[in-house]
Amino acid sequence: MKGKFINATAMKEFGNFYDYNGNSIFYGTLGDGEPLLLLHGYPFNSYDWNWVIEDLSKQYRLVFIDFLGMGFSDKPKNHTYSFEEYVETIKTLLNKLKIKKIRILAHDLAVSVVEEMLGNIDSLDFEILSVAFMNGGLFTDVYQPRMIQRLLSQTPNFIGK
């Protein structure tokens, strides 16, 4: 069953910003219950979840974030993005929200971010109760991005931000 569509303006109203190393990171929470972290893919943002967020919020306390460089979060120029940094932004957010146990729904790029998280699980100050991976590269050593993914990851200035 498809949920009710939530537009970008409404999505932003559920959110806030926090500072991560001098950059503004967009995040939001919605609903009550057990925390469920929604992590988006590339080159998208937390708006990826607009069709399911209302239904999921009936059962979970949803936590969503726009990774640095995407969505409503800052997009610093000449920045080297990494899975490790994305993990640190998530750790910072969950600490800010005082979340100690979480379930994770990871899409696309976020699959690799969560793999990084699981690879260094001893460094986490929260417990991961479960993870659902969707449309991601579980085997990064054999991952071959499509041409459009390579182009979007290296967008020249004349195309825009």
Side-chain angles (χ1 to χ4, degrees), residues 1-20 23-75 81-121 123-140 143 145-146 148-149 152-153 161:
M1 180 171 92
K2 194 187 293 187
K4 183 175 151 188
F5 174 78
I6 294 179
N7 66 40
T9 303
M11 191 83 167
K12 191 173 183 181
E13 289 173 8
F14 298 131
N16 293 291
F17 292 86
Y18 73 98
D19 180 78
Y20 176 78
N23 291 296
S24 183
I25 304 294
F26 175 77
Y27 76 96
T29 61
L30 181 66
D32 295 312
E34 184 177 31
L36 173 63
L37 179 61
L38 303 175
L39 297 174
H40 65 82
Y42 177 83
F44 305 105
N45 53 58
S46 57
Y47 187 64
D48 268 357
W49 306 105
N50 71 75
W51 287 101
V52 297
I53 199 165
E54 185 177 52
D55 288 340
L56 288 173
S57 70
K58 293 175 185 173
Q59 182 175 351
Y60 296 99
R61 176 186 179 202
L62 301 179
V63 177
F64 50 90
I65 184 173
D66 284 353
F67 289 129
L68 184 65
M70 297 178 230
F72 295 121
S73 291
D74 280 351
K75 295 154 191 70
Y81 297 92
S82 69
F83 298 141
E84 296 86 358
E85 182 179 50
Y86 290 145
V87 169
E88 289 303 316
T89 61
I90 293 166
K91 287 168 59 174
T92 302
L93 174 59
L94 295 181
N95 185 50
K96 172 183 177 46
L97 297 174
K98 297 177 176 30
I99 294 175
K100 294 297 181 188
K101 293 182 180 187
I102 193 95
R103 296 188 184 281
I104 302 173
L105 185 53
H107 173 245
D108 189 59
L109 165 81
V111 169
S112 298
V113 173
V114 175
E115 285 179 323
E116 179 67 30
M117 198 181 293
L118 293 171
N120 295 293
I121 201 154
S123 73
L124 303 179
D125 48 4
F126 56 89
E127 181 182 354
I128 298 174
L129 299 174
S130 67
V131 178
F133 292 129
M134 299 183 338
N135 190 38
L138 289 175
F139 305 102
T140 54
Y143 172 65
R146 295 179 304 200
I148 189 68
Q149 290 172 307
L152 287 171
S153 71
K161 292 183 179 182

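Positions are given from 1 along the sequence.
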| request: In sequence, state the C-alpha distance, the side-chain angles, and the governing distance for Ile102 and Leu36, and then conclude on side chain to side chain contact (heavy atoms under 4.5 Å, CB included). | output: CA-CA 6 Å; Ile102 193 95; Leu36 173 63; 6.0 Å; no
Can you give me the closest heavy-atom contact between [X] and [Y], atom names plus distance?
X: Ala110; Y: His40; result: CB-O, 3.3 Å
X: Lys75; Y: Ser73; result: NZ-O, 2.7 Å
X: Ser57; Y: Leu62; result: N-CD1, 3.7 Å
X: Ile65; Y: Leu39; result: CG2-CD2, 3.6 Å

| Full working for side-chain hydrogen bond (donor to acceptor under 3.5 Å, both in side chains) between Asp66 and Ser46 | CA-CA 5 Å; Asp66 284 353; Ser46 57; 2.6 Å; yes
| query | Roughly how far apart are Phe83 CZ and Ser112 OG, rounded to 0.5 Å? | reply | 4.0 Å
| field | Straight-line distance of Thr29 OG1 to Arg61 CZ, nearest 0.5 Å | value | 5.5 Å
Do [X] and [Y] have side chains that approach each other closer than 4.5 Å (heavy atoms only, starting at C-beta)?
X: Ile104; Y: Met117; value: yes
X: Leu124; Y: Lys91; value: yes
X: Trp49; Y: Leu105; value: yes
X: Ile53; Y: Met11; value: yes
X: Tyr20; Y: Glu88; value: yes

| request: Give the C-alpha distance, both sets of side-chain angles, the deciding distance and a yes or no for side chain to side chain contact (heavy atoms under 4.5 Å, CB included) between Lys101 and Phe126. | output: CA-CA 6 Å; Lys101 293 182 180 187; Phe126 56 89; over 6 Å; no
| said: Are Tyr27 and Tyr18, when compared by the centres of their aromatic rings, separated by less than 6.0 Å? | reply: yes
| remark: Exactly one of Ile99, Val63, Ile25 clears side-chain contact (heavy atoms from CB on, under 4.5 Å) with Leu93, and that residue is Val63
| said: Apply side chain to side chain contact (heavy atoms under 4.5 Å, CB included) to residues Lys100 and Glu127 and explain how you reach the verdict. | reply: CA-CA 6 Å; Lys100 294 297 181 188; Glu127 181 182 354; over 6 Å; no
| query | Taking the six-membered ring for Trp, are Phe44 and His107 parallel (under 30°), tilted (30 to 60°) or perpendicular (over 60°)? | reply | tilted
| query | Can you list every pair that meets salt bridge (Lys or Arg N to Asp or Glu O under 4.0 Å) and has a residue in residues 27-46, with sequence neighbours left out? | reply |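 Checked against salt bridge (Lys or Arg N to Asp or Glu O under 4.0 Å) - neighbours excluded - the pairs reaching residues 27-46 are Glu34-Arg103.
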| Can you pull the salt bridge (Lys or Arg N to Asp or Glu O under 4.0 Å) pairs that have at least one residue in residues 35-51, sequence neighbours excluded? | none
| field | Donor-acceptor contact present, side-chain Asp55 to main-chain Val52, <3.5 Å | value |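 Not confirmed, Asp55 side chain does not pair with Val52 backbone.
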| query | In a check of ring pair (Phe, Tyr, Trp, His ring centres under 6.0 Å) between Phe67 and each of Tyr86, Phe72, Tyr81, which one passes? | reply | Tyr86
